[in-house]
2 protein chains.
Amino acid sequence: MTITQLKYVLAVAEHQNFTKAAEKSFVTQPTLSMQIQKLEDELDILIFDRSKKPIQLTDIGLKIVNQARNIVNEADRIQDIVDQQKGFIGGEFKLGIIPTVTPTLLPMFLNNFIKKYTKVNLKIEELTTETIIEKLVDGHLDAAIAATPLENELIKKRVLYYEPFVGYINENDKLFNNKSLTIEDIDIDDMLLLDDGHCFKNSVINLCRVANPAERNSFQLESGSFETLIKLANEGLGMTLLPYLHTLDLKNAEEKYLREFEDPKPAREISLIFHKSELKMQIIEALQQTISGVIKGAIAFQNVEIISPIANK
Amino acid sequence: MTITQLKYVLAVAEHQNFTKAAEKSFVTQPTLSMQIQKLEDELDILIFDRSKKPIQLTDIGLKIVNQARNIVNEADRIQDIVDQQKGFIGGEFKLGIIPTVTPTLLPMFLNNFIKKYTKVNLKIEELTTETIIEKLVDGHLDAAIAATPLENELIKKRVLYYEPFVGYINENDKLFNNKSLTIEDIDIDDMLLLDDGHCFKNSVINLCRVANPAERNSFQLESGSFETLIKLANEGLGMTLLPYLHTLDLKNAEEKYLREFEDPKPAREISLIFHKSELKMQIIEALQQTISGVIKGAIAFQNVEIISPIANK
DNA sequence: ACTTTACATCAATAAAATCTATTGAATGAC
DNA sequence: GTCATTCAATAGATTTTATTGATGTAAAGT
């Protein structure tokens, strides 16, 4: 049994296809086929059921794949240990970010980071929280920026900042005359929300403490971006909630529609999350430091109440 | 990096000698030397400081060795998974036993076990608790039978039985006339004890609740076996405590010297202990079942108070 | 029936791991 | 100071292994 063989097995398990797995492993298909056969012979079991299309794992194959992932991860950590010893911060690093954070946070720290850590080859992907968790667990992401807490025992977090929700209220709305908001003021039926899949929508619903979000009124508007929500609100179609950082980018004319909550302000917790195995921890810590550095200038300490980003059932 | 290379590194780290490590790995010394050099080149670090005699690990080398042990363990578990799937119980299994358990317990279950699990190649070693813990942690033992609790976070246990302490009291002793004993009756200064290194001695001292065992009286007798202690007690040199199973082997003439404790009887907890990684768990469970089976006929459920086998400081 | 897709098989080759034999450095004995 | 001895490194030969490109085969799609 070799680490190479285990990597081939993982590739086939992932792509459910020998040919594709071979390409991704930068070898020819016979090479991969033969190595996997060799491993199957050595263990005297079948890892894959080749009669099914697409190829399926056998029962024992599933267990072996899980253990193989374990082994390959632990093997990768050797390089991590060496890098750490050398103080070397570099290599490929795959970072996921949720869409409601990207436009405001990414421009704030990205330049700083890539200038400081020139040897890190950062690959950033915008993904939903759901996808991020999947990819963190199976190793396709090294870390991600998302709203927490997540209640996933395989994932650890480092909190980056707490971002209060801010009301955006058109002058036709009765709340426009209030100086500040309380949670009790908020009516989910008047709220313009992001599309399904955005955990920001879950947070807002949780903030409103609606037992069953399916029971919302008939008239609803959902959109994929805060820009659209703001325009809809400007048209008097309802109010909306924005994350604090987003309010910094508003046009002057729009700022008068903003209403902060009273303390403790409802807020979302934005964290750097990563697999509990703590692979590439040096880079994760470098990211944390860079982001914390820039965020301190933008968000002062506030008295906040954290709203969960997880959808109720 | 290959698993073979990691195994070679572990062998050198253990033996602090390339030649011996090569022998134990069943390869020639140049083979091992070159593979280790290759790994060092690949990682661009030195794992061993060859200028020191005997060979020493470098700082980074130590970290790598620890991780290598991790990886090799996880790799071994693949075979475990396969065995489990096939219901195969076999292969080499190294079991440690503490000396105060061996003579009574081993004959009770050994025959049953090797008859039932003919494919297990059982290697049994009699060792002190201290050595057992070391060898469990570094993988030189697969499991062991010892007195618990041990308070070692790397080690898990499955309790096998609770074995009461039984007083063995000569007719010249004033306690001889008591029908039963209480802990308060026991005076550590009158007690014949096993040599240092036996955890049974620690248990007895803990039982007596002596704050500082160094303050014992001048006259002390310590010996390496219960047989000697019994003979010394017969000579009127003091009383002793025996583990219950040992009392079953006494000559008829000696049985009259036995005095049980009142409930809750002080007892030692004997467990099957193993590394938390749970390697070879099928065999460990097979052992547990076999031993539990035979022990049920020998030790009825009793009202006991567990005495710790760990020496006070 | 023909094409496409996908994995297995085979023979050739490139790469590697391992071996035997030898060297060189360090240590200790006389 | 010379001479064994020990121990790891090195060199060269050999064997083993991984990989490749070409080919075969079975199944699914058209």
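Protein chains get the first letters and strands the later ones, always in sequence-line order, with residue 1 at the start of each.
Here dA17(C) is the nucleotide among dA9(D), dA17(C), dA8(C) with the atom lying nearest to any side-chain atom of Lys38(B). Closest approach to the Gln5(B) side chain among dC7(C), dA9(D), dA17(C) is made by dA17(C) (side chain taken as heavy atoms from C-beta onward). The side chain of Pro30(A) approaches dG21(D) more closely than any other nucleotide in the set dC19(C), dA9(D), dG21(D). Of the candidate nucleotides dT10(D), dA17(C), dA6(C), dT10(D) has the atom lying nearest to any side-chain atom of Met34(B).
Taking atom CZ on Phe26(B) and atom P on dC19(C), their separation rounds to 12 Å, with Å as the unit. Residue Ile55(A) contributes atom CD1, which lies 16 Å from atom P of dT5(C) at whole-angstrom precision. Straight-line distance from the CD atom of Glu42(B) to the C1' atom of dA16(C): 13 Å, rounded to whole Å. Atom P of nucleotide dT25(D) and atom CZ of Phe18(A) are separated by 19 Å, given to the nearest angstrom. The distance between atom CG of Leu32(A) and atom C1' of dC7(C), rounded to the nearest whole Å, is 11 Å. For the pair Tyr8(A) OH and dC7(C) C1', the computed distance is 16 Å after rounding to whole Å. Here the C1' atom of nucleotide dC7(D) and the CD atom of Gln16(B) are 14 Å apart, to the nearest Å. Atom pair Lys24(B):NZ and dC7(D):P shows a separation of 15 Å (rounding to whole Å applied).
In this structure, the separation between NZ on Lys24(A) and CG on Asn17(A) is 11.0 Å, given to the nearest 0.5 Å.
Within the 4.0 Å cut-off from OP1 or OP2 of dT9(C), at least one side-chain nitrogen or oxygen of Gln37(A) is found. In terms of phosphate contacts, Gln35(A) brings a side-chain nitrogen or oxygen within less than 4.0 Å of OP1 or OP2 of dA18(D). Distances shorter than 4.0 Å separate none of the side-chain N or O atoms of Arg50(A) from OP1 or OP2 on dA6(C). Between Thr28(A) and dG21(D) there is no side-chain N or O to OP1 or OP2 distance below 4.0 Å. Under 4.0 angstrom from either OP1 or OP2 of dA6(C) there lies no side-chain N or O belonging to Thr19(A). Residue Ser33(B) has no polar side-chain atom (N or O) positioned under 4.0 Å from OP1 or OP2 of dA8(D).
Residue contacts shown for Phe48(A) are absent, as no nucleic acid heavy atom lies under 4.0 Å away.
Residues Lys94(B) and Glu125(B) are not paired through a salt bridge, judged by the lack of any N-O separation under 4.0 Å between the basic side chain and the carboxylate. Ion pairing between a basic and an acidic side chain is recognised when a charged N comes within 4.0 Å of a carboxylate O; Asp196(A) and Lys201(A) show such pairing.
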Assess whether side chain to side chain donor-acceptor pair (under 3.5 Å) is satisfied between Gln29(A) and Ser33(A), documenting all intermediate values.
-> CA-CA 6 Å; Gln29(A) 169 263 318; Ser33(A) 281; 3.0 Å; yes
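With hydrogens and angles ignored, a donor-acceptor pair under 3.5 angstrom links the side chain of Gln29(A) to the base of dA8(C).
Between the side chain of Gln67(A) and the main chain of Glu74(B), a donor-acceptor pair closer than 3.5 Å is present.
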